[in-house]
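Below is one structure, written out as structure tokens; comments come after it.
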Amino acid sequence: MNSKEKYIYIIDYSGLIVLIAENDTEALELLSNEESIEIKDPNEIMKRIITADKLKLVDDYESGIIHALIV
């Protein structure tokens, strides 16, 4: 199997964000590229990504934001 391990991230940042990524860097990239999510402090969002709950996926899934409830 050539696919890389992926994780579900549950991030608390101005609401709740759930996404799939290979690592913390990819998670930050996905959030940075999402127009509907305003990142005011890149250091704070990275801290939230690093400390987020992460669940290892068994099957191969495409990286991306699954859900974002921003308040």
Side-chain angles (χ1 to χ4, degrees):
M1 182 184 243
N2 290 337
S3 63
K4 295 182 179 182
E5 291 181 345
K6 297 220 177 154
Y7 301 86
I8 289 183
Y9 284 72
I10 303 169
I11 304 165
D12 180 11
Y13 182 76
S14 298
L16 184 67
I17 302 168
V18 181
L19 59 83
I20 295 174
E22 291 179 14
N23 53 46
D24 297 346
T25 304
E26 184 180 30
L28 177 62
E29 184 179 306
L30 289 167
L31 292 173
S32 298
N33 292 334
E34 178 56 47
E35 293 177 9
S36 66
I37 298 174
E38 181 182 348
I39 297 176
K40 297 174 185 166
D41 181 357
N43 292 326
E44 178 63 25
I45 189 67
M46 192 59 179
K47 177 182 165 189
R48 300 290 180 108
I49 290 169
I50 291 168
T51 59
D53 289 331
K54 298 171 188 119
L55 307 169
K56 185 177 176 181
L57 295 170
V58 207
D59 294 322
D60 187 29
Y61 291 92
E62 184 175 332
S63 296
I65 296 173
I66 298 171
H67 179 75
L69 175 62
I70 306 299
V71 292

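Values below: every heavy atom of this structure, side chains too, minus hydrogens, waters and symmetry copies.
- In this structure, CG in Leu28 is found 4.5 Å from CD1 in Ile49, a value given to the nearest 0.5 Å.
- One hydrophobic cluster, built from ILVMFWY side chains closer than 4.5 Å, holds both Tyr13 and Ile50.
- Under the side chain to side chain contact (heavy atoms under 4.5 Å, CB included) criterion, Asp12 pairs with Arg48, sequence neighbours left out.
- Ser63 meets the side chain to side chain contact (heavy atoms under 4.5 Å, CB included) test with Lys6, Glu26, Leu30; sequence neighbours excluded.
- Looking at heavy atoms from C-beta onward, Glu62 lies out of side-chain contact with Ile20 at the 4.5 angstrom threshold.
- One N or O on the side chain of Tyr9 and one on the backbone of Asn23 form a donor-acceptor pair closer than 3.5 Å.
- Summarising the geometry, atom CD1 belonging to Ile45 is positioned 7.5 Å from atom OG belonging to Ser14; distances are rounded to the nearest 0.5 Å.
- Taking every heavy atom of both residues into account, Asp59 and Tyr61 meet most closely at O-CD1, 3.3 Å.
- When all heavy atoms of Ile10 and Ala52 are compared, the closest pair comes out as O-CB, 3.3 Å.
- Of the inter-residue distances, the one linking Lys54 atom NZ with Thr51 atom OG1 reads 7.0 Å to the nearest 0.5 angstrom.
- Hydrophobic clustering (ILVMFWY, side-chain heavy atoms < 4.5 Å, transitive): Ile11 and Leu16 are in distinct clusters.
- Of the residues Ile66, Ile8, Leu31, the one that meets the side chain to side chain contact (heavy atoms under 4.5 Å, CB included) test with Leu19 is Leu31.
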For this session: Show your working on salt bridge (Lys or Arg N to Asp or Glu O under 4.0 Å) between Lys47 and Asp41 and close with a plain yes or no.
Result: CA-CA 10 Å; Lys47 177 182 165 189; Asp41 181 357; over 6 Å; no
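- To the nearest 0.5 Å, atom CD1 of residue Ile39 and atom CG of residue Asn43 are 11.0 Å apart.
- Residues forming a salt bridge (charged side-chain N to carboxylate O under 4.0 Å, His left out) with Lys56 (at least two apart in sequence, or on another chain): Glu5.
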